[in-house]
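Numbered from 1 within each chain, the chains take letters A, B, ... in sequence-line order. Scope of the values below: all heavy atoms of this structure, side chains included, with no hydrogens, waters or symmetry mates. Bear in mind the structure is a predicted one, so any value in this text is a computation, not a measurement.
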2 protein chains.
Amino acid sequence: MQDKITAILRKHQLSITEARKKILSLFWETGNALAHGDIEQKSSEDFDRVTIYRTLQTFVEKGIIHTIPTSDNSVRYALCKDECAAGHHHDDHVHFICDDCGTTYCIDEVSVPKVKLPKGFSAIQTDLVISGTCNKCEQ
Amino acid sequence: MQDKITAILRKHQLSITEARKKILSLFWETGNALAHGDIEQKSSEDFDRVTIYRTLQTFVEKGIIHTIPTSDNSVRYALCKDECAAGHHHDDHVHFICDDCGTTYCIDEVSVPKVKLPKGFSAIQTDLVISGTCNKCEQ
DNA sequence: AATATTTTGCAACAAAGTTGCATTGTTGTA
DNA sequence: TACAACAATGCAACTTTGTTGCAAAATATT
């Protein structure tokens, strides 16, 4: 586990620090997406708020995590698949946000459909975000 | 124009006030989506910040405008089509955010494709947000 | 092990959003 | 049109969220 974490950091030419190891393992452990606030709650005693901001920013730049747009002013982050290189994200999967429990999932099974845009519009990034009820909250 | 504005407000059982008329006409005039900041810039002399927050919130609840998720912690708002009822938004069109000029468009011509989710997941709202270069910024 | 480089924490700040309450504006009714 | 009932606004104070510069600490390099 710790080996995997340090390997990822080294692969992206980042120095191995406590903050980065901790935050990266949080993503691995939960499996789902995390907002800045989630991480702050789970590690506020260990690290300064500023460190979390900077670490997340670094991870996004390096292609370790990607952002998921939301309608509630709380951007979430999730681990990228291996194909993501620095600055070039390829997260063509659907994101699902549960209205009940708030969990954000990466639905890898479904890929984002290609969309034909009007003349003059060219797409760089496409985000498909679905909200509703997840498989844990359905009854 | 003013008639149309007041008609919309009355239709949603809202009292006709200066702030609501002004903010609603801003949406009609620009045609595109607006962030809270945009509205504040264009009417900060006329209204208090708090009034803008509350007005936008009211409009969303009543189904007059809907939110557009973004990755930069700045939710945008756009006019709903007639089908939107209070609390039940049906905005199955694509949103486009230009990386150059920042303008957010509702692309009505394209509708959001239906997506098959894994077992146990049920969709209530689907947002397809595309970013790239718009038809005014291409050269 | 010593130095160069990077990262972190702190402090101070800026921006964004919220809440309570008195004042003002709007609506419906007589 | 005037009045009472109600809703919306502005103000102030506050909380939360995000940013920046710089010294101290940790990490990497030789």
Between R20(A) (side chain only) and L9(A) (backbone N and O only), is there a donor and an acceptor less than 3.5 Å apart?
no

Under a plain distance cut-off of 3.5 Å, with no hydrogens placed, do T30(A) and N32(A) share a side-chain donor-acceptor pair?
no

Test log, rule ring pair (Phe, Tyr, Trp, His ring centres under 6.0 Å), inputs H36(B) and Y53(B):
CA-CA 7 Å; H36(B) 172 93; Y53(B) 280 112; 3.9 Å; yes

When rounded to whole Å, the CD to P distance for the pair Q13(B) and dA8(D) reads 12 Å

What is the distance, to the nearest angstrom, from the CD atom on E40(B) to the C1' atom on dA15(C)?
10 Å

Under 4.0 Å between any heavy atoms, over every strand shown, what does R49(A) touch: base, sugar-phosphate, or nothing? Just pick one.
base

Please figure out whether Q57(B) or T58(A) has its closest DNA chain C nucleotide nearer the 5' end.
T58(A)

Of all heavy-atom pairs between P69(A) and I97(A), which one has the smallest distance, and what is that distance?
O-CD1, 4.5 Å

Separation of dA15(C) P from H36(B) NE2 (nearest whole Å):
13 Å

Using the ring centroid of each side chain, check whether Y105(B) and F121(A) are separated by less than 6.0 Å.
yes

D72(B) near the nucleic acid: base, sugar-phosphate alone, or nothing, with a heavy-atom cut-off under 4.0 Å?
nothing

Between CD1 of I52(B) and C1' of dC11(D) the distance, given in whole Å, is 15 Å

Rounded to whole Å, the CG-C1' distance (D48(B) to dA13(D)) equals 13 Å

To the nearest angstrom, the OH-P distance between Y53(B) and dT16(D) comes to 15 Å

From CG (D127(B)) to CG (D127(A)), nearest 0.5 Å
10.5 Å

Within less than 4.0 Å of OP1 or OP2 of dG18(D), is there a side-chain N or O belonging to N73(B)?
yes

From CZ of R20(B) over to P of dA7(D), roughly how many Å is that when rounded to an integer?
11 Å

Rounded interatomic separation in angstrom, taking CG from L56(B) and C1' from dA16(C):
13 Å

Backbone N/O of S74(A) and side chain of T70(A): donor-acceptor pair under 3.5 Å:
yes

Under 3.5 Å, N/O pairs linking protein and nucleotides 21-30 of chain D:
unit_1: dA28(D); atom_1: OP1; unit_2: I16(A); atom_2: N; d: 2.7

